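The structure appears below as structure tokens.
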Amino acid sequence: MTIETEKKKTRKNKEVVDENVPLLPKSQESDTELHEFNGASFSGAVFNLSTTVIGAGIMGLPACVKKLGMVPGLIAIVLTAFLTEKSVEFMLRFSRAGNLSSYGSLMGDAFGRYGKAVLEICVVINNVGVLIVYMIIIGDVVSGTTSSGIHHSGILEGWFGVHWWTGRTFVLTFTTLAVFAPLVSFKQIVHNIDNELEDSSWMHGVVRASLTLCSSVYLLTSFFGFLLFGDDTLPDVLANFDTNLGIPFGSALNDAVRFSYAAHLVLVFPVVFYALRVNIDGLIFTSSRRPLVVDNLRFASITIALVGIIFMGANFIPSIWDLFQFTGATAAVCLGFIFPAAITLKDRHNIATKTDKILSVFMIVLAVLSNAVAIYSDAYALINKNKHNVNDFLIR
């Protein structure tokens, strides 16, 4: 009995300090050996992946359709879904060939430590932008926002009127300290969906099913969001839900839509934050051998700094559209398309077909061209805006 106890203690200690231990073993023994984990189901994996994919970007899609037009906008969503499916397929195939379990390991296998570092930088840029967008949307939903001189009231303003405690600054401060800070402070183990599946061969089917579901939600949101609000569609379409829909219980429906999506963002926030914290740690503390979860000072320092940056960004960046333009034209497209295509062209394990390489070239060219157009249009709009501000100042 004593020997058995010592073995259990040794195994438990190893699970804490050994970073190579699988994040989610196929079975977890308890003292009574009654609880076992046999892997996640297909439907459970699809649900987990879909809830992670459907983030803040969906709220900007009706505005994209407004800019592009209904038909081009919907076609762009379908094309993006197809390219995303191929991109994920490339990553899974090369990960299996190299027996790799993470995106960072995949980039490191193909391009060395500098490739992995570039990936980590892009993850940091993208996730910081995403989390700031989450907080901006929560501020829009709860306290309201102003666009083109028109104020759109939030849930609290609609219920209780304008007070200091319904203002944006107080709402974001309270949300950060009372909601996000406790959530991101948990040292949870977040495992990837491929590792948690009962049968890893299901992963391709899980990706296709999830992308089909997410694309359907994106198409419906884009179509009906623009159909409902037309030329008045805002960058954050949730801000439009302060208007009278002209239907029974329209006000209650408005609040239900806004509140439910804000709750979804609150729940997804710590998952995105986890990846951000891990990549920051990998970039700054490259020589540290201690896992982040057992180094309290490192863990707390990174967490507090990131939460502070996200809070400041949400207070000083006026619109989610500005962030979407920046992160979408830089880090997001690199993570989603350029890096997987580059890994396929590198073809370190000699498993890519000619079709794969042609499609990879197409993905990179399309991504670079779209990035160039987006960055040029953003810079042009910023220069024009500054010129107008200078002219208005001189006139006054």
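Keep in mind that the numbers below use all heavy atoms, side chains included, and drop hydrogens, waters and symmetry copies. Computed from a predicted model, the values in this text were never measured in an experiment.
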[X] side chain vs [Y] backbone, donor-acceptor pair below 3.5 Å:
| X | Y | answer |
| --- | --- | --- |
| Asn279 | Ala275 | yes |
| Ser143 | Gly139 | yes |
| Ser105 | Leu100 | no |
| Arg298 | Arg290 | yes |

For the [atom1] atom of [X] and the [atom2] atom of [Y], what is their distance to the nearest 0.5 Å?
| X | Y | atom1 | atom2 | result |
| --- | --- | --- | --- | --- |
| Ile351 | Thr344 | CD1 | OG1 | 8.0 Å |
| Ile137 | Leu265 | CD1 | CG | 5.5 Å |
| Leu211 | Leu83 | CG | CG | 11.0 Å |
| Ile155 | Thr166 | CD1 | OG1 | 12.5 Å |
| Leu238 | Asn254 | CG | CG | 10.0 Å |
| Leu335 | Thr327 | CG | OG1 | 10.0 Å |

Item to complete: Any pair with a residue in residues 212-242 that passes ring-ring contact (aromatic ring centres under 6.0 Å, His included), sequence neighbours left out, goes on the list, sorted by first then second residue, please.
Response: Phe229-Phe241
Expected list for residues 356-373: side-chain donor-acceptor pairs under 3.5 angstrom, two or more places apart:
residue : atom : partner : partner atom : Å
Asp356  : OD1  : Thr353  : OG1          : 3.4
Asp356  : OD2  : Arg93   : NH1          : 2.5
Asp356  : OD2  : Thr353  : N            : 3.1
Asp356  : OD2  : Thr353  : OG1          : 3.0
Ser360  : OG   : Asp356  : O            : 2.8
Ser370  : OG   : Leu366  : O            : 2.9
Ser370  : OG   : Ala367  : O            : 2.9
Asn371  : ND2  : Ala329  : O            : 3.0

Side chain to side chain contact (heavy atoms under 4.5 Å, CB included) partners of [X], counting only residues at least two apart:
| X | result |
| --- | --- |
| Ala117 | Leu283 |
| Ser301 | Leu297 |
| Ile280 | Val124, Leu276, Ile284, Ile302, Leu306 |
| Val142 | Ile138, Leu156, Val171 |

Side-chain donor-acceptor contacts of residues 176-184 below 3.5 Å, not counting sequence neighbours, with atom names and distances?
residue : atom : partner : partner atom : Å
Thr176  : OG1  : Leu172  : O            : 2.7

Report yes or no: do [X] and [Y] belong to one cluster of Ile/Leu/Val/Met/Phe/Trp/Tyr joined by side chain heavy-atom distances under 4.5 Å?
| X | Y | answer |
| --- | --- | --- |
| Val133 | Leu61 | yes |
| Ile58 | Leu220 | yes |
| Ile121 | Tyr114 | no |

Practice prompt. Could you check whether the rings of Phe269 and Tyr134 sit parallel, tilted or perpendicular, using 30° and 60° as the cut-offs?
Written response: tilted
Discussion item. Evaluate Val78 against Leu74 for side chain to side chain contact (heavy atoms under 4.5 Å, CB included), listing each step before the verdict.
Written reply: CA-CA 6 Å; Val78 174; Leu74 298 181; 5.8 Å; no
According to salt bridge (charged side-chain N to carboxylate O under 4.0 Å, His left out), does anything in [range] pair up with another residue at least two apart or in another chain? List the pairs.
| range | result |
| --- | --- |
| residues 108-124 | Asp109-Arg348 |
| residues 164-178 | Asp140-Arg168 |
| residues 201-213 | Glu85-Arg208 |
| residues 246-255 | Asp255-Arg258 |

Show me, pair by pair, the donor-acceptor contacts under 3.5 angstrom made by side chains of residues 62-72, not counting sequence neighbours?
residue : atom : partner : partner atom : Å
Lys66   : NZ   : Asp231  : O            : 3.0
Lys66   : NZ   : Thr233  : O            : 3.2

